[in-house]
Peer 1: 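To start, I am sharing the structure in question, which I have written as structure tokens.
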2 protein chains.
Amino acid sequence: MSVPKIETIEAWKALLTTSRLLIEKVEDSLAASSLPSLAWYDTLLEIEKAGKEGIRPYKLKERLLLPQYGTSRLLGRILTAGLIEKHDCDEDGRGFVVRITSRGRQLRRKMWRVYANALCTGLEGPLTVGELKLLVDLMQKTRPA
Amino acid sequence: MSVPKIETIEAWKALLTTSRLLIEKVEDSLAASSLPSLAWYDTLLEIEKAGKEGIRPYKLKERLLLPQYGTSRLLGRILTAGLIEKHDCDEDGRGFVVRITSRGRQLRRKMWRVYANALCTGLEGPLTVGELKLLVDLMQKTRPA
DNA sequence: CCAATATAAATGCAACTGCATCTATAGGTG
DNA sequence: CACCTATAGATGCAGTTGCATTTATATTGG
């Protein structure tokens, strides 16, 4: 069918490799501090941002780009760890709402210190502000439906 | 410790999200044609590039950025599928060499058609050649050790 | 040559993921 | 209301991954 240009292939390889290496770097930093993974961080952050109201799992899965069952089980683990709480939902008897606990907030903050540090050395170090903006622009142009 | 600039955080989010979505898109295309995953493709390609000599698993794991046990098991599965062959290594009794079979070559080519197509719509479509080059440049600057 | 250490690869076990399905409630439509 | 379909969430099972360890061979230093 289609034959990609050499530039396309190079861009794809570069994107794949660098994003994987960066993610690994961040995950390694977290693990080195005996902290949970990026997935937990993202989840805690979204839930924290939802505030007192909490957030429904089906909303969460859209924001986190996770499959439904993945979200269900991830929330289960985070719940077991005491970082969030589940509350029955008044408007919808099928579902519920999750809220962050103070332990959750605390852990998220702790993770952020490590995470932020990794981002500084991994992204902010090698790139200028202009390049960072350029990257955002390219990524947004590329984002599929 | 360090406080990332807003641009850093945005760039990180954009990079994470877009790369995930693109990978998903490619994986979905492959799955929709009942073909194996990207990991298999990359592995087959590396092994095919190694040619008649074949390649040692420990080399492969470096190129594929996979952990040792992951490589070991992935090769096991690909072997079972008859896409590669294992040959004892003369110079090193601990290890062996893998070579692609003709079925392997055939499957890789088939996968490439689908893969290439996804790259064309996913990357080449939204970006110009100049932007693709820019992306390579940014990714290379960013690549961690 | 031997002992100590390093490297290649495999594997047992527990945790995690994907797929398909299941349960329960919600929201229509006649 | 009775029925049909759609959506929220959970879960059984098989396959995969991660971690730690094991096995086997290679390499180095005495």
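Letters A, B, ... are given to chains in the order of the sequence lines, protein chains preceding strands, and every chain is numbered from 1. As a basis for the values below, the full set of heavy atoms in this structure was taken, side chains included, without hydrogen atoms, waters or symmetry mates.
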Peer 1: Quick one: label A:Gly70 by what it contacts on the DNA or RNA (base, sugar-phosphate, nothing), any heavy atom closer than 4.0 Å.
Peer 2: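 A:Gly70: no heavy atom of the nucleic acid under 4.0 Å.
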
Peer 1: Could you tell me which non-hydrogen atom of B:Ile47 sits nearest to which non-hydrogen atom of B:Ile100, and how far apart they are?
Peer 2: CG2-N, 3.4 Å

Peer 1: Could you give the CD-to-C1' distance, from A:Glu91 to D:dT7, as a whole number of Å?
Peer 2: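 So the CD-C1' distance, A:Glu91 to D:dT7, works out to 15 Å.
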
Peer 1: If you look at every heavy atom in A:Lys61 and A:Gln68, which pair is closest and at what distance?
Peer 2: CD-CA, 3.9 Å

Peer 1: Over how many whole Å does the gap from A:Arg20 atom CZ to D:dT17 atom C1' extend?
Peer 2: 13 Å

Peer 1: OP1 or OP2 of D:dG12 less than 4.0 angstrom from a side-chain nitrogen or oxygen of A:Arg73, does that happen here?
Peer 2: no

Peer 1: What string of B, S and - do you get for nucleotides 1-9 of chain C, 5' to 3', if B is base contact, S is sugar-phosphate-only contact and - is no contact with any protein heavy atom under 4.0 Å?
Peer 2: ------BSB

Peer 1: Given C:dA10, is OP1 or OP2 found less than 4.0 Å from the side-chain N or O atoms of B:Tyr69?
Peer 2: no

Peer 1: Whole-Å distance between C:dA10 P and B:Leu60 CG?
Peer 2: 12 Å

Peer 1: May I ask you to list the residues of residues 21-52 of chain B, by number, that have any heavy atom positioned under 4.0 Å from an atom of DNA chain C?
Peer 2: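 Those residues: none at all.
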
Peer 1: Without swapping roles, check the side chain of A:Thr80 against the backbone of A:Gly76 for a donor-acceptor pair under 3.5 Å.
Peer 2: yes

Peer 1: Rounded to whole angstrom units, what separation is found between the CG atom of A:Leu65 and the P atom of C:dG18?
Peer 2: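 A:Leu65 atom CG is separated from C:dG18 atom P by 13 Å.
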
Peer 1: Take atom CG of B:Leu75 and atom C1' of D:dT17, then tell me their distance rounded to the nearest Å.
Peer 2: 15 Å

Peer 1: With A:Met139, which of B:Leu135, B:Leu21, B:Leu22 fulfils side chain to side chain contact (heavy atoms under 4.5 Å, CB included)?
Peer 2: B:Leu135

Peer 1: Rounded to whole angstroms, how far apart are CG on A:Leu74 and C1' on D:dA8?
Peer 2: 17 Å

Peer 1: In this structure, how many angstroms lie between the P atom of D:dA14 and the CZ atom of B:Arg77, rounded?
Peer 2: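 In whole Å, D:dA14 P and B:Arg77 CZ are 17 Å from each other.
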
Peer 1: Under 6.0 Å from the CD atom of A:Glu53, do we count more than 12 heavy atoms belonging to anything else shown?
Peer 2: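 Incorrect, the count does not exceed 12.
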
Peer 1: Would you please test A:Arg108 and A:Leu45 for side-chain contact (heavy atoms from CB on, under 4.5 Å) and show each step?
Peer 2: CA-CA 7 Å; A:Arg108 195 205 57 78; A:Leu45 181 59; 3.9 Å; yes

Peer 1: Under the rule for salt bridge (charged side-chain N to carboxylate O under 4.0 Å, His left out), what residues qualify as partners of A:Asp28, not counting sequence neighbours?
Peer 2: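 If we apply the salt bridge (charged side-chain N to carboxylate O under 4.0 Å, His left out) test to A:Asp28, skipping adjacent residues, there are no hits.
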
Peer 1: Given the rule in the side-chain contact (heavy atoms from CB on, under 4.5 Å) test, do B:Leu107 and B:Tyr41 qualify, once you have shown the distances and angles that lead to the verdict?
Peer 2: CA-CA 9 Å; B:Leu107 179 64; B:Tyr41 180 87; over 6 Å; no

Peer 1: Are any of the side-chain heavy atoms of A:Ser29 and A:Asn117 separated by less than 4.5 Å?
Peer 2: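 No - every pair of side-chain heavy atoms lies 4.5 Å or more apart.
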
